[in-house]
Amino acid sequence: MYRTHTCGELRIEDVGQEVTLSGWVQRIRDLGGMSFIDLRDRYGITQIVANEGTSEKVVTTLSKIGREFVIQVNGVVKERSSKNKNIPTGEIEIEIKGLTILSKASLPPFTIKDDTDGGDELRMKYRYLDLRRKVVQENLILRAKMAHTTRSYLNSQEFIETETPVLINSTPEGARDFIVPSRINPGKFYALPQSPQVFKQLLMIAGFDRYYQIVKCFRDEDLRADRQPEFTQIDCEMSFVEQEDILDTFEGLTKHLFKEIKGIEVTEFPRIPYSEAIEKYGSDKPDTRFDMLIHELTGIAKGNGFVVFDSADYIGGICAQGCAGYSRKQLDQLANWVKRPQIGAKGLIYVKYNTDGSFKSSVDKFYSQDDLKKWAEKFNARPGDLLLVMSGNDSHTLKALGELRLKMGGQLNLRNNNEFKPLWVIDFPLLEWDKESGRYHAMHHPFTSPKPEDIPLLDSAPEKVRANAYDLVINGVEIGGGSVRIFDSALQAKMFGKLGFTTEQAQAQFGFLMNAFKYGAPPHAGIAFGFDRLVSLFAGLDSIRDVIAFPKNNAGRDVMIDSPSEVTKEQLDELGLRIIQKED
RNA sequence: GGUGGCGUAGUUCAGUUGGUUAGAAUAUCGGCCUGUCACGCCGAGGGUCGCGAGUUCGAGUCUCGUCGUCACCGCCA
């Protein structure tokens, strides 16, 4: 038997017991006549002590061990003469009687300890060592708990967990697919699913009524801190439901997770239309932990001879409370920040609402104190506040104001990671115009149902058609999204037409689905949560990498196994593939 | 595809205007040490300053390129 107990469980009540422990050597403190070993496993750390009573054989072995050796120790649990209040096992120690080296260890490239040692590059290359760190283990344990809790909640609601295939067809809509060549079918390719979308709809047609799956999805697009090429979704679909039923059910799941995992009662799930989110927050995933809403000034700020504003489609700004005291340097920094290519604003106008009630702005030449007072009223600003105003093309300016709002919210410490503010963004546009391809794209996906009252607009003003689509947003993070589906093959055919598919193309790509609709399709709707993002939100992390055991880097590479990698000529031949060197 | 940050000892970092032998902490190794828990004390070893070119009498430092990495923009139905 390798162990009778783990390294985290022995307490003062166990004093006198003879025990065997196995684990990794965290640290050795050799005091000469006596030494201490911190023995670590995922449950905790237990101190081992050797002193003058320890056998010669054990002392000799002890002198050979180092950091990260895997050892087995047996001995008697003793009360410590000097206790450590900082760890749960701090009142006891094991007086060593026997010691076996189970596995030697080379010196690790970074020290295994809680506060990060070794940069991301090393941590990823030696991820199996990084995963020994308690902080990283805790993230993965949190992930496991959340998956378990999700399953038991959905199981209790009569959802059926069903697996769907991973080798499917490539489709032209949406993100780039990962492609898998078929050996048995030369010249043909599978694709990895971006989501199990059509399969879950087929399961509804099959009568499963409630489906879920915690499932890997794949998108061949550039990575971000919150985007990996393979990621996990809590994927769901329900029959005989309307939008309201989905929102209720998944508010329920979200509340349950917050309560079970974090002990937090989250009650409010406000709903705001997409258009309002854009107007007030400059984003379709607003962070509602703080207000600082965007206000439009287009009507009242034009016509004073300030060319920048007079020529703008849109003028708007935000009010940073209590920031009227910002220095020239601070204001310049903000202006430079919005001028970076990532934001792309031309400039930033400020108005200081001084505590004495006067105004000082960068456009005093064009606007009187009375003019600026009107602005301030529009923002509900009070003396001591700072107005930050931008202008230009409306969608770009709103987006830039949204970014500035987030930056100011962060700067003023209004974005607290222990506070959770969910909301539903609803009424998304069904279609958006894509300049590059010169056609409409489905904003959600091609199976999303338009709002019935907007269907007449499909022909006259397609961009005005709203969808029965919804996103769950928490703290400015898009946690999930879904829609009510089209279940009528005629409407579905019309949608494909709007998206620029010919009848033949639609038939070739999605014929099986439209065909299935002919055999009695129930009204259905669904949603998918980004599981990695949800876990990182619960863990208070900005990057999803730390909640994934073996993540990929910025360039989509796994630096530990060095993938992707080349394959042999034989493999290529068998698949009928040839590598063509790209010219620069 | 683009913008920006970072790259110096195993690790974390310092390194002045371009100037002698590139430092500190920590880790490692050796010695001493009976109550440590970030043990302590003494000593030692450890460097392709990411790589390559250029400027210069002289480059860790300046310029260009390149590689790696991170964040972001585009992209992500």
Side-chain angles (χ1 to χ4, degrees), chain A residues 26-39 45-54 63 66-68 78-87 89-91 93 95 106-126 129 171-177 194-195 197-198 217-229 231 336-337 339-344 396 399-400 403 406-407 428-432 434-437 440-448 467 469 478 481-483 495 499 528 530 542-543 545 553-555 557 559:
Chain A
Q26 176 70 31
R27 177 177 265 113
I28 303 165
R29 289 179 294 279
D30 182 0
L31 273 61
M34 68 189 312
S35 358
F36 299 96
I37 303 166
D38 287 343
L39 192 65
I45 285 179
T46 298
Q47 178 166 285
I48 314 296
V49 63
N51 51 32
E52 83 270 10
T54 306
S63 68
R67 233 177 238 282
E68 301 303 317
K78 296 269 168 132
E79 181 171 2
R80 290 198 199 181
S81 59
S82 54
K83 296 179 178 176
N84 183 349
K85 294 265 159 53
N86 299 321
I87 58 172
T89 62
E91 288 193 285
E93 63 195 356
E95 198 172 70
S106 301
L107 192 69
F110 55 89
T111 314
I112 315 299
K113 56 180 185 180
D114 283 359
D115 41 333
T116 314
D117 198 358
D120 283 347
E121 206 172 338
L122 266 182
R123 289 178 54 207
M124 288 308 157
K125 182 162 184 190
Y126 299 94
L129 297 181
T171 55
E173 282 287 306
R176 244 175 242 113
D177 286 316
Q194 297 174 28
S195 84
Q197 185 57 39
V198 291
C217 302
F218 306 86
R219 290 174 194 178
D220 186 10
E221 296 291 348
D222 287 4
L223 291 84
R224 290 286 188 279
D226 62 349
R227 270 166 33 193
Q228 286 270 303
F231 60 100
N336 287 332
W337 187 82
K339 284 189 208 166
R340 291 178 318 136
Q342 279 82 352
I343 306 291
H396 282 133
K399 196 176 168 198
E403 295 292 339
L406 291 177
K407 182 178 171 62
F428 276 83
L430 182 69
L431 303 164
E432 59 186 344
D434 181 59
K435 277 182 209 152
E436 268 181 42
S437 55
Y440 284 103
H441 274 221
M443 193 149 178
H444 186 56
H445 59 54
F447 317 110
T448 300
E478 184 192 329
S483 63
M495 267 299 290
L499 295 171
D542 292 324
S543 167
R545 276 177 215 171
N553 77 3
N554 241 9
R557 278 201 286 274
V559 294

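Every chain is numbered from 1, with letters handed out A, B, ... down the list of sequences.
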Quick one, give me the B/S/- string for nucleotides 33-38 of chain B, reading 5' to 3', where B means a protein heavy atom under 4.0 Å from the base and S means that only happens at the primed atoms, P, OP1 or OP2. BBBBBS
Salt bridge or not for E221(A) and R176(A), using N-O below 4.0 Å?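 Looking at R176(A) together with E221(A), the answer is yes, because their closest N to O distance falls below 4.0 Å.
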Given 3.5 Å as the limit, does a donor-acceptor pair link the side chain of [X] with the main chain of [Y], or not?
{"X": "S543(A)", "Y": "R545(A)", "answer": "yes"}
{"X": "R27(A)", "Y": "D38(A)", "answer": "no"}
{"X": "D177(A)", "Y": "T171(A)", "answer": "yes"}
{"X": "Q26(A)", "Y": "K113(A)", "answer": "no"}
{"X": "E68(A)", "Y": "P108(A)", "answer": "no"}
{"X": "T89(A)", "Y": "I45(A)", "answer": "yes"}

Could you go through nucleotides 5-7 of chain B and list every protein N or O atom that sits under 3.5 Å from one of its N or O atoms, giving the distance for each pair?
none

So with a 6.0 Å cut-off around [atom1] of [X], is the heavy-atom count from everything else above 12?
{"X": "D542(A)", "atom1": "CG", "value": "no"}
{"X": "R80(A)", "atom1": "CZ", "value": "yes"}
{"X": "H441(A)", "atom1": "NE2", "value": "yes"}

Please work out if S195(A) contacts a base, only the sugar-phosphate, or nothing of the nucleic acid, heavy-atom cut-off 4.0 Å. base
What nucleic acid atoms does L122(A) come within less than 4.0 Å of, heavy atoms only: base, sugar-phosphate, or nothing? sugar-phosphate
What distance, rounded to whole Å, do you find between the two [atom1] atoms, one in [N] and one in [M]?
{"N": "G45(B)", "M": "U3(B)", "atom1": "C1'", "answer": "44 Å"}
{"N": "G46(B)", "M": "U11(B)", "atom1": "C1'", "answer": "13 Å"}
{"N": "U21(B)", "M": "G5(B)", "atom1": "P", "answer": "32 Å"}
{"N": "A9(B)", "M": "G47(B)", "atom1": "C1'", "answer": "5 Å"}
{"N": "A14(B)", "M": "G2(B)", "atom1": "P", "answer": "30 Å"}
{"N": "G7(B)", "M": "A44(B)", "atom1": "P", "answer": "30 Å"}
{"N": "U63(B)", "M": "C6(B)", "atom1": "P", "answer": "12 Å"}
{"N": "A27(B)", "M": "C13(B)", "atom1": "C1'", "answer": "14 Å"}

Specify the closest pair of heavy atoms between [X] and [Y], including all atoms of both residues, with the distance to one decimal.
{"X": "L430(A)", "Y": "T448(A)", "result": "CD1-O, 3.5 Å"}
{"X": "E173(A)", "Y": "P446(A)", "result": "CG-CG, 3.7 Å"}
{"X": "D222(A)", "Y": "R227(A)", "result": "O-NH2, 2.7 Å"}
{"X": "Y440(A)", "Y": "L499(A)", "result": "O-CD2, 3.7 Å"}

What is the distance from [atom1] of [X] to [atom2] of [N], rounded to the nearest Å?
{"X": "N336(A)", "N": "U3(B)", "atom1": "CG", "atom2": "P", "value": "18 Å"}
{"X": "Y126(A)", "N": "G10(B)", "atom1": "OH", "atom2": "P", "value": "12 Å"}
{"X": "L107(A)", "N": "U26(B)", "atom1": "CG", "atom2": "P", "value": "16 Å"}

Rounded to the nearest 0.5 Å, what's the gap from CH2 on W337(A) to CD1 on I343(A)? Could you check? 4.0 Å
To the nearest 0.5 Å, what is the distance between CD (E91(A)) and CD (Q47(A))? 13.0 Å
Would you kindly compare R67(A) and H441(A) by the position of their nearest RNA chain B nucleotide and give the one closer to the 5′ end? R67(A)
List in chain and number order the residues that pass side-chain hydrogen bond (donor to acceptor under 3.5 Å, both in side chains) with Q197(A), two or more places apart in sequence or in another chain; answer none if no residue qualifies. Q201(A), H445(A)
Tabulate atom names and distances for all N/O pairs under 3.5 angstrom spanning the protein and nucleotides 13-15 of chain B.
none

Protein-nucleotides 72-74 of chain B N/O pairs under 3.5 Å:
unit_1, atom_1, unit_2, atom_2, d
C72(B), OP2, A225(A), N, 3.1
C72(B), O2, Q342(A), NE2, 3.0
C73(B), OP2, R224(A), NE, 3.1
G74(B), OP1, K399(A), NZ, 2.6
G74(B), N7, R224(A), NH2, 2.8
G74(B), O6, D222(A), OD2, 3.4
G74(B), O6, R224(A), NH1, 3.1
G74(B), O6, R224(A), NH2, 3.2
G74(B), N1, D222(A), OD2, 2.6
G74(B), N2, D222(A), OD2, 3.4

Base-pairing string, 5' to 3', of RNA chain B - Watson-Crick or wobble, under 3.5 Å, | interstrand: (((((((..((((.....[...)))).(((((.......))))).....(((((..]....))))))))))))....
